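Heavy atoms only: backbone and side chains are in, while hydrogens, waters and symmetry mates are out. Predicted, not measured: the structure shown is a model, and the values here were computed from it. Chain naming here is simple, since letters A, B, ... match the order of the sequence lines and numbering starts at 1 in each.
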Number of protein chains: 2
Amino acid sequence: MKKDADKSKIMGVPEPSVRRMPKYLILLRSMRDKGLVNISAPQIAQHLNMDPTQVVKDLSYTGARGRPKIGYAVEELINLLEDFLGYNKKYEAFLVGAGSLGSALLRYQGFTQTGLKVVAAFDTDKNIIGTEIAGVKVFDIEKFRDLASRLHITIGIITTPAHAAQNVTDLMVCWGIKAIWNFAPVSLKVPSHIIVQDTQMYSNLAVIMNSLKQYEDKQNI
Amino acid sequence: MKKDADKSKIMGVPEPSVRRMPKYLILLRSMRDKGLVNISAPQIAQHLNMDPTQVVKDLSYTGARGRPKIGYAVEELINLLEDFLGYNKKYEAFLVGAGSLGSALLRYQGFTQTGLKVVAAFDTDKNIIGTEIAGVKVFDIEKFRDLASRLHITIGIITTPAHAAQNVTDLMVCWGIKAIWNFAPVSLKVPSHIIVQDTQMYSNLAVIMNSLKQYEDKQNI
DNA sequence: CAGTGTGAAGTTGTTCACAGCA
DNA sequence: TGCTGTGAACAACTTCACACTG
């Protein structure tokens, strides 16, 4: 028996590939809006300024099949990507930490098109509790320790300061949340079945400023 | 000829390492505030939930030297990290695209502590032009095509929709900007001396939702 | 023959193993 | 003995090379 019997299902998709998928999707939607019916991997690669082979490999993970000389059917590819990314499913989320970062996220409504909906926000600050940010009410987190399990919320968003993040995480785990999107600059300890993704806002900035410094240092030699 | 002649100076620091630096810095500052004088790599690793060897390797890139059995001097390490990341230098930035994402970023003032200061924002939307977001004035981008070269702005932040991003990039390059922090879901084409960092807001979400979907699929088998 | 699909080679980053040190 | 520091093994991802196909 071949060991790669059904690769697409058994082997996990490399995370870097998953991270590139939204980019393809956004491009393809705009191409569809321009009336394009077929698109080849090299074309996609040129628009996105990346390697054509990588595009082929990435797209193959969605189950897409292209035709030599013609490429992929745009509409079909969009559907496969949306399905792969789970954009067709609706997920509800709680956000904890409605300070500057948290409220910025709430105000940025770009995520609604991905099927994510923040249904409530929580904080400990009496000045914020009771207010409404971008249509989302802010509650006192102390009063809602057993709320989420009843509501079946799948995603928790953490936008608290670093020191509070682990406590909030533990609470979310109790709530029965399945995935955590963490903006706090710490690595969270969670049971293995919980999905965690860290968004380190400072990381990109760090790379930029470190590169700038190196560039300037080189000038001074 | 060997290609690894003088590792420490010629070889760049691995980008993943640079991306982890802000995390160390934030932890160390909080440790210092608690009065801690020395800290070992295993201790740091435990707090951050990561591999101790990796901590040692990462810290070595900043020039830090630790002492066996004692660890690193917290204060010294903080200085080395701040220096490495360029947080001691002040960089001024322009932000283009003052829509929901752009204004969210402006309102989130967490970056000021990194030495980054957004001095002006730009847009094409007549309704936004002339307003002020978190103390930053929004100008009509059409009227400022030759402004930045005179002001020596080093960093450009792009928070426009995907289709506008490349035009804005070209403009920024003309302005003499040295680094671009791109939030638009496209890969920008730039001359090789320009530093570009992409922050794909959707990527983390993509990983989460794809993982959730896989998890659910598994349940259904 | 331009473009897909895929195994192989190459590159980069992580983890291991151990020497050296206080 | 606990920790640093580093070269070497390992794993993950990317790029290459090429067979295949309409």
Side-chain angles (χ1 to χ4, degrees), chain A residues 2-8 10-21 23-24 36-74 76-77 80 187 198 200 203 206-207 210, chain B residues 2-21 23-24 36-74 76-77 80 187 198 200 203 206-207:
Chain A
K2 288 223 193 103
K3 70 173 177 184
D4 56 348
D6 191 350
K7 191 169 92 176
S8 59
I10 294 175
M11 274 183 43
V13 177
E15 192 174 302
S17 296
V18 179
R19 303 183 76 86
R20 285 189 290 268
M21 298 297 188
K23 241 170 164 169
Y24 299 131
L36 202 71
V37 178
N38 292 298
I39 192 166
S40 71
Q43 279 176 280
I44 294 173
Q46 206 195 338
H47 274 104
L48 261 29
N49 203 29
M50 53 190 295
D51 187 288
T53 335
Q54 189 164 64
V55 175
V56 173
K57 275 233 161 83
D58 286 347
L59 294 184
S60 78
Y61 294 125
T62 67
R65 302 274 98 175
R67 286 153 63 195
K69 201 129 195 233
I70 292 162
Y72 304 83
V74 175
E76 186 193 330
L77 204 42
L80 284 167
S187 299
D198 295 314
Q200 301 299 328
S203 290
V207 176
N210 179 62
Chain B
K2 286 222 193 98
K3 72 176 175 181
D4 56 348
D6 184 353
K7 192 168 91 175
S8 59
K9 296 284 169 179
I10 293 175
M11 272 184 44
V13 176
E15 193 175 300
S17 296
V18 180
R19 302 183 76 85
R20 285 188 291 267
M21 298 297 188
K23 241 170 163 171
Y24 298 131
L36 201 72
V37 179
N38 292 297
I39 193 165
S40 71
Q43 279 176 279
I44 294 173
Q46 205 195 338
H47 275 103
L48 261 32
N49 203 27
M50 52 190 294
D51 187 287
T53 334
Q54 189 165 64
V55 175
V56 173
K57 276 236 160 83
D58 285 347
L59 295 184
S60 78
Y61 294 126
T62 67
R65 303 274 96 176
R67 286 152 64 194
K69 214 145 180 211
I70 292 162
Y72 304 83
V74 175
E76 186 193 328
L77 204 43
L80 284 167
S187 299
D198 295 314
Q200 302 297 331
S203 290
V207 176

Nearest non-hydrogen partners of A:Pro52 and A:Ala41, listed with the distance: O-CB, 4.0 Å
Does D:dC13 have OP1 or OP2 under 4.0 Å away from a side-chain N or O of A:Arg19? no
Here the residues of residues 48-56 of chain A within 4.0 Å heavy-atom distance, strictly under, of DNA chain C are A:Thr53, A:Val56
Test side-chain contact (heavy atoms from CB on, under 4.5 Å) on A:Gln200 and B:Arg20 and set out the steps. CA-CA 9 Å; A:Gln200 301 299 328; B:Arg20 285 188 291 267; over 6 Å; no
Take the protein atom CG of B:Asp58 and the nucleotide atom C1' of D:dT4, then report the distance between them rounded to whole Å. 14 Å
Compile the donor-acceptor pairs under 3.5 Å between side chains in residues 60-73 of chain B and protein atoms, sequence neighbours left out, one pair per line.
| unit_1 | atom_1 | unit_2 | atom_2 | d |
| --- | --- | --- | --- | --- |
| B:Ser60 | OG | B:Lys57 | O | 2.7 |
| B:Thr62 | OG1 | B:Leu59 | O | 2.6 |
| B:Thr62 | OG1 | B:Ala64 | N | 3.3 |

Whole-Å distance, B:Ile39 CD1 to D:dG2 P, equals 18 Å
Between A:Asp51 (side chain) and A:Thr53 (backbone), is there a donor-acceptor pair under 3.5 Å? yes
Do A:Lys23 and B:Ser187 pair up side chain to side chain, a donor and an acceptor below 3.5 Å, judged on atom types alone? yes
DNA chain C contacts among residues 59-74 of chain B, heavy-atom distance under 4.0 Å: B:Pro68
Audit row: A:Leu77, A:Val74, side-chain contact (heavy atoms from CB on, under 4.5 Å) steps and yes/no: CA-CA 5 Å; A:Leu77 204 42; A:Val74 175; 5.7 Å; no
A:Asp58 side, atom CG; A:Tyr24 side, atom OH - distance, nearest 0.5 Å: 3.5 Å
Approximate separation, where rounding is to 0.5 Å, of A:Ile39 CD1 and A:His47 NE2: 6.5 Å
Given C:dT14, is OP1 or OP2 found less than 4.0 Å from the side-chain N or O atoms of B:Arg20? yes
Between the protein and nucleotides 8-12 of chain D, which nitrogen or oxygen pairs are less than 3.5 angstrom apart?
none

Using five base pairs at each end to define the local axes, how bent is the helix from C:dC1-D:dG22 to C:dA22-D:dT1, to the nearest 10°? 0°
Qualifying residues under salt bridge (charged side-chain N to carboxylate O under 4.0 Å, His left out), relative to B:Glu15, sequence neighbours excluded: B:Arg19
About how many Å separate CG of B:Leu48 and CD of B:Gln43, when rounded to the nearest 0.5 Å? 12.5 Å
